[in-house]
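Each chain gets a letter, A, B and so on, in the order its sequence line appears, and its residues count up from 1. For clarity, every value in this text was computed on a predicted model and none was experimentally measured.
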There are 2 protein chains.
Amino acid sequence: MQEEKKLKTAEIEKQSHLEFFNIACSVDCVLFGYAHKELQVLLIQSDLAEFAGMWSLLGDLVQPTEDLEAAPYRVLNERTGLKDIYLEQVYTFGSINRHPSGRVISTAYYSLVDMATHPLTNTKNGLHWHPVNSLREMAFDHKKILDTCVQRLQEQVMEHPLVFNLLPEKFSLRALQDLYEAILTTTLDRRNFRKRMILKDWLVDLDEMEEDVPHRPGKLYKVRPQLRKRYLKQSAAVRNGHAA
Amino acid sequence: MQEEKKLKTAEIEKQSHLEFFNIACSVDCVLFGYAHKELQVLLIQSDLAEFAGMWSLLGDLVQPTEDLEAAPYRVLNERTGLKDIYLEQVYTFGSINRHPSGRVISTAYYSLVDMATHPLTNTKNGLHWHPVNSLREMAFDHKKILDTCVQRLQEQVMEHPLVFNLLPEKFSLRALQDLYEAILTTTLDRRNFRKRMILKDWLVDLDEMEEDVPHRPGKLYKVRPQLRKRYLKQSAAVRNGHAA
DNA sequence: GCAAAAGTGTTAATCTTACACCCATGC
DNA sequence: GCATGGGTGTAAGATTAACACTTTTGC
């Protein structure tokens, strides 16, 4: 008993000097896409035996020479080629045993990525888009991270013009509403939705119509250019200035 | 040029193996108190030469053997003796140069602490309560952290029954309103404030009156006991269950 | 002309804000 | 009785939610 206590103390003593820096910091990116009227998330196969066959988010260790907030931009860029789009920090996960091969604290970010204009450049390690709502189990605590990010996205999406990266440049209000319904997993009243969007003043009426639709064509809109700067493909300068 | 590149590559190579774990993780706690009708924050003198004479938040490195979220509870407990009260993670700060003596990534938490019933047990290193609104400069990036936490507190405070730790068990609506005004740094309409509080159903009318006031005494209220459990002094079990 | 989706307005309910007078107490 | 803050209600405005019919196109 006494012996055991002494050992423990010694161990803690040792750790307090050598192992404080034995915690690694990583980022995990929840990259949301949109296809087939469903919200998608970019996943990769876990390379750990413990999680064989399970999907994981895109993550990487934070480099000693990069700002924490630069790390998810790097991951995003490495995986999709995208450089300067909206990324939001959501939460930091740090349970002792969340990573089987060591102590890793991970900060989660989410972003919205246009799957259509940024096709994956490779499918190594099973990199692929997966419908968010058909995911049950994931590697690490990534299901929890994903859920937290989906919730945050849902909270933000009505207040901020985030979603326009997920649509082509020209889109109909119906397409926009479909997207919102996919994100919020509800149905929305068409008239109220249109009123709200008009009120928000995020859209520019293009005076163009849908073509080749088997019904009455809808008007086409685009997002106001200023908003594109702020939330979508934006300059590095703006991005850095935005960091909280 | 070529030489330099080679060196850099070698350096990065080295870092990728040895120095990934050379990033330390810490937590910084923004402990809010309330006195003299002002929001206060618990500060300590910075022990670094770089920040001589400046105040800093209470922080500590995350132990290798504790969950990230356990760390702020430990810091809180070490400084105030409080064990189980509401702590919310706010944001993680990780600029390369935020800490002069090494790479430290810090996750910020805030909490609300009753200064009256939990007086400081020591004033070592200048530990003291400081009015939030008279702080200009702080050590590290702690002013930014503080500002972020104040903002989060302001966002949360009307939606959640957070503030009752900052008042005695029995309080008048006026005292409650003073507190809200201190937190939000606005004035509030008395009638509308009272209506809102009644609507929220957070309070129990004690059928008692203020005493020894030089004017008409007000009714006394307490917070509903269930809410005390959820947000205030709560059991460790509840706390652990609450972690996001 | 039929199927399919676009487009459009009004009403009721709710919530938010602004605002003024009488009341109870200590001195 | 006077100074101080306690206590109360109402009306206007803004926001949100519910709801149905006509129009345009492709086939």
Side-chain angles (χ1 to χ4, degrees), chain A residues 34 36-38 154-161 163 167-223, chain B residues 34 36-38 154-161 163 167-223:
Chain A
Y34 176 61
H36 315 303
K37 302 201 176 180
E38 279 190 280
Q154 290 176 339
E155 288 163 10
Q156 300 278 322
V157 83
M158 276 300 185
E159 318 303 326
H160 306 277
V163 302
L167 292 173
E169 201 195 326
K170 304 176 179 190
F171 51 86
S172 65
L173 277 176
R174 157 58 56 187
L176 185 60
Q177 184 178 340
D178 284 343
L179 172 53
Y180 269 92
E181 292 182 346
I183 292 173
L184 299 171
T185 61
T186 44
T187 56
L188 299 168
D189 179 88
R190 197 161 81 247
R191 279 168 293 188
N192 293 337
F193 177 77
R194 295 162 93 92
K195 255 180 289 175
R196 231 189 308 186
M197 284 301 133
I198 299 304
L199 262 184
K200 295 237 180 261
D201 203 27
W202 292 344
L203 303 180
V204 178
D205 185 339
L206 288 171
D207 261 317
E208 291 178 59
M209 293 300 205
E210 287 180 298
E211 282 172 24
D212 299 319
V213 288
H215 54 77
R216 174 174 172 180
K219 276 181 152 184
L220 292 176
Y221 296 81
K222 65 172 184 179
V223 66
Chain B
Y34 176 60
H36 316 302
K37 302 202 176 177
E38 279 191 279
Q154 290 176 339
E155 288 164 9
Q156 301 278 321
V157 83
M158 276 299 185
E159 318 303 326
H160 305 276
V163 301
L167 292 174
E169 201 194 326
K170 303 176 180 189
F171 52 85
S172 65
L173 278 175
R174 157 57 57 188
L176 185 59
Q177 185 177 341
D178 283 343
L179 173 52
Y180 269 92
E181 292 182 346
I183 291 174
L184 299 170
T185 60
T186 44
T187 56
L188 299 168
D189 179 87
R190 196 161 82 250
R191 279 168 293 189
N192 293 338
F193 177 78
R194 297 162 92 89
K195 256 180 290 176
R196 231 189 309 186
M197 284 299 133
I198 298 304
L199 261 184
K200 295 235 181 263
D201 202 28
W202 292 344
L203 304 180
V204 178
D205 185 340
L206 288 170
D207 261 316
E208 289 178 60
M209 293 300 205
E210 287 180 297
E211 282 172 25
D212 300 320
V213 288
H215 53 76
R216 172 174 173 181
K219 276 180 152 184
L220 292 176
Y221 296 80
K222 65 173 185 180
V223 65

Under 6.0 Å from the NZ atom of A:K200, do we count more than 12 heavy atoms belonging to anything else shown?
yes

Starting at CG of A:D178 and ending at C1' of C:dA5, how long is that distance when rounded to a whole Å?
11 Å

Give a yes or no on whether B:E155 atom CD has more than 12 heavy-atom contacts from other residues, nucleotides or ligands under 6.0 Å away.
yes

Roughly how far, to the nearest 0.5 Å, is the OH atom of A:Y221 from the CD1 atom of A:I198?
4.5 Å

For nucleotides 5-16 of chain D, give me one character per nucleotide, 5' to 3': B if any protein heavy atom sits under 4.0 Å from the base, S if the only such contacts are to the sugar-phosphate, - if neither.
BBBBBB------

Whole angstrom value for the distance that separates P of C:dA5 from CD of A:Q177
13 Å

Go through B:V163 and B:L176 one step at a time and tell me if the side chain to side chain contact (heavy atoms under 4.5 Å, CB included) criterion holds.
CA-CA 9 Å; B:V163 301; B:L176 185 59; 3.9 Å; yes

Tell me, please, which residues at least two apart from B:M158 pass side-chain contact (heavy atoms from CB on, under 4.5 Å).
B:Y180, B:L184, B:L188, B:R196, B:M197

Rounded to whole angstroms, how far apart are CE on B:M158 and C1' on C:dT16?
12 Å

Degree of bending, the helix from C:dG1-D:dC27 to C:dC27-D:dG1 (end axes from five pairs; round to 10°)
10°

Working to the nearest 0.5 angstrom, can you tell me the gap between A:E210 CD and A:L220 CG?
6.0 Å

Can you measure A:L176 atom CG to C:dA5 atom P for me and round it to whole angstrom units?
18 Å

For A:D178 and A:Y34: C-alpha separation, side-chain torsions, deciding distance, then whether side chain to side chain contact (heavy atoms under 4.5 Å, CB included) applies.
CA-CA 10 Å; A:D178 284 343; A:Y34 176 61; 3.5 Å; yes

So how far is it from B:K219 NZ to B:E208 CD, rounded to the nearest 0.5 Å?
12.0 Å

Between C:dA18 atom P and B:L188 atom CG, what is the distance in whole Å?
11 Å

